[in-house]
Amino acid sequence: MKKVKDIYKEFCTVDDAVKFDFETVKRLQSVYSNKLKLELSGAKYFVRAENATLIDHEGNKHVDMMGAVGVMTVGNNNPFVWEQIAKVWDAKCYSMGAVSYHNIASALYRDLALTTPGQKLTKAQTAGGGAEAIEGALKLCKIANRNKPHKTKILATIGAFHGKTTGAVSAGGKDTWQAYQGRLLLDETFHIPFNDVAALEKELSKGIYQGFFVEPIQGEGGVFVASDEFMQKARELCDKYETYLVCDEIQTGLCRTGKFWASEWYGIVPDIITFAKGISGGIMPLAGYIAKPEVFDAAYGTPETAFHHTATYQGSAYACAAGIGALQFMLENDLCGEAEKKGKIIKEAMLAAQKKYPGIIKEIRGRGCLIGVEFNPTKAGLEDKYGPNWAMECERYFSTEFRIQIMHSFNNPKVFRWLPPLTAPMEDVEYALKAFDASVKHVYDLANK
Ligand SMILES: Cc1ncc(COP(=O)(O)O)c(C=O)c1O
């Protein structure tokens with residue numbers, strides 16, 4: 001057998017990669033991938049991760065209060081999830097589950113169905129990421145309505161984020177991500193203001209919508225919680241006008257808000273739920289959608305349509321094992337309870353800082369451990385130095401002085417978001433909250449100098 005280095009001298013093996021120094025990693029990613037993305041986001045280089053602890057290449061500990069934007073629900077590198085993946089390797093299972101019977105994929109579909117509101121959503125298909133799950137849900141709405149020529153459109157909300165593929169940016173309510181791509185699906189997508197019940201009724205009553213896509217909390221948009229009235233009316237009107245209610249729970253689902261699915265806060269059962277992020281513990285790429293069986297079958301229950309949404313890695317065994325492991329861990333360790341308990345502590349401390357240092361924080365929003373802090377505009381005259389609002393300086397101070405991973409919302413940069421692992425030890429949460437207090441004080445002192 002030839003050695004790969006004899007074929008390509010510069011081929012990097014995994015053995016090489018795990019020993020790379022930072023300079024090598026930086027050079028390779030800059031030359032061979034998206035240099036600017038990493039530079040502009042102030043990316044760090046972490047070499048180890050365990051629960052809410054991240055270790056950088058210089059051996060410094062960072063506390064993770066962002067969990068890769070809500071992915072690390074069960075903590076970084078959750079050992080239980082890894083053990084489940086290893087079992088699939090030990091059994092030498094066939095790894096592909098898209099168009100074959102598969103033990104591991106079948107178990108994940110069953111388990112997911114058990115968790116859904118009222119156990120009414122029972123048919124799922126997996127995907128590789130959130131946006132692909134949204135594409136699947138969009139197609140499901142369209143294909144299920146194929147014999148209803150008056151149903152021509154998708155309804156969504158302004159400020160929504162559903163991912164960055166063609167359909168997902170069209171359903172998303174942020175034109176930044178729709179730029180440079182022609183008309184996308186925009187001619188058949190209409191956006192109403194989030195939480196605007198009158199607009200919802202006006203549009204749905206037209207009877208032309210195949211699906212209404214909504215996040216129970218607009219996460220990327222700046223952590224805006226849907227009102228009870230909006231979600232309950234959405235359910236009622238979607239029933240009345242025969243529109244599928246699609247809850248995008250990619251950020252809010254899987255215990256994040258203190259319920260398994262955030263839809264449960266409203267006492268409603270969506271027709272379709274999309275999921276991603278926490279589903280695989282951040283170890284394998286896994287996402288998907290789950291639907292009521294009659295909705296799923298209306299789309300894929302005929303020989304003509306059964307193959308209309310297949311993808312190579314649907315039902316991938318290792319990803320599904322990670323999914324089963326993460327679900328089991330969430331249920332056995334009451335991560336919904338953890339989200340509520342920790343979220344309450346975090347919010348209370350933030351409210352105290354808001355009161356203690358007046359004029360800096362505008363609002364604290366969210367549910368469970370999906371929390372957004374909206375900052376006020378920077379004091380006049382200091383914008384050039386600190387940006388248009390205090391979020392950036394507070395975030396900079398917080399993350400560099402105290403080494404805490406946090407990130408503002410890309411779609412609404414005056415809001416910075418906390419999405420900690422729900423397993424984060426209390427001492428890490430307390431450390432982050434003390435750092436938060438000190439960071440708001442730092443900004444307050446700048447504003448009052
Ligand atoms: C609500 C929501 N939908 C969809 C997505 C897209 O997911 P992905 O980045 O995995 O494509 C995200 C990602 O942040 C999200 O928060």
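Remember, predicted model here, so these are calculated numbers, not experimental data. For ligands, and for the atoms within them, numbers begin at 1 and follow the listed sequence.
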Checking a contact table here: which protein heavy atom is nearest [atom], and how many Å away?
atom: atom 16 (O) of ligand 1; result: Gln251 NE2, 2.8 Å
atom: atom 15 (C) of ligand 1; result: Ile250 CG2, 3.7 Å
atom: atom 3 (N) of ligand 1; result: Asp248 OD2, 2.7 Å
atom: atom 10 (O) of ligand 1; result: Gly130 N, 2.8 Å

- Task: Check whether any heavy atom of Val69 sits under 4.0 Å from an atom of ligand 1.
- Result: no
- Have a look at ligand 1 and work out which part of Lys164, if any, has a heavy atom under 4.0 Å from it: side chain, backbone, both or neither. neither
- Given that the side chain starts at C-beta and the backbone is N, CA, C, O, which of these parts of Glu132 lies under 4.0 Å from ligand 1, counting heavy atoms, or is it both or neither? neither
Any donor-acceptor N/O pair, [X] side chain to [Y] backbone, under 3.5 Å:
X: Gln210; Y: Lys151; answer: yes
X: Arg256; Y: Ala339; answer: no
X: Asp64; Y: Met66; answer: yes

- Message: Taking side-chain contact (heavy atoms from CB on, under 4.5 Å) as the criterion, tell me which of Phe296, Tyr109, Tyr289 meets it with Lys123.
- Response: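 Among Phe296, Tyr109, Tyr289, the one that satisfies the side-chain contact (heavy atoms from CB on, under 4.5 Å) with Lys123 is Phe296.
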- At a 4.0 Å threshold, what atoms of ligand 1 neighbour a non-hydrogen atom of Glu215? 1 (C)
- What are the atoms of ligand 1, with element, lying closer than 4.0 Å to any heavy atom of Gly163? 4 (C), 5 (C), 6 (C)
- Arg365/Glu363 ion pair, N-O < 4.0 Å: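 Yes.
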- Less than 3.5 Å between some nitrogen or oxygen of Lys277 and one of ligand 1, yes or no?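 So ligand 1 has an N or O lying under 3.5 Å from an N or O of Lys277.
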- Message: Below 3.5 Å, N or O to N or O, backbone or side chain included: is there any such pair between Ala131 and ligand 1?
- Response: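 Yes, there is a polar N/O contact under 3.5 Å.
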- Query: Can Ile272 and Cys247 be said to form a side chain to side chain contact (heavy atoms under 4.5 Å, CB included), step by step?
  - Reply: CA-CA 6 Å; Ile272 303 170; Cys247 283; over 6 Å; no
- Heavy-atom side-chain contact between Gln251 and Glu220 under 4.5 Å: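 Gln251 reaches Glu220 side chain to side chain.
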- Task: Report yes or no: is the cationic atom of Arg367 (NZ for Lys, CZ for Arg) closer than 6.0 Å to the six-membered ring centre of Tyr266, at no more than 45° off its axis?
- Result: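 Yes.
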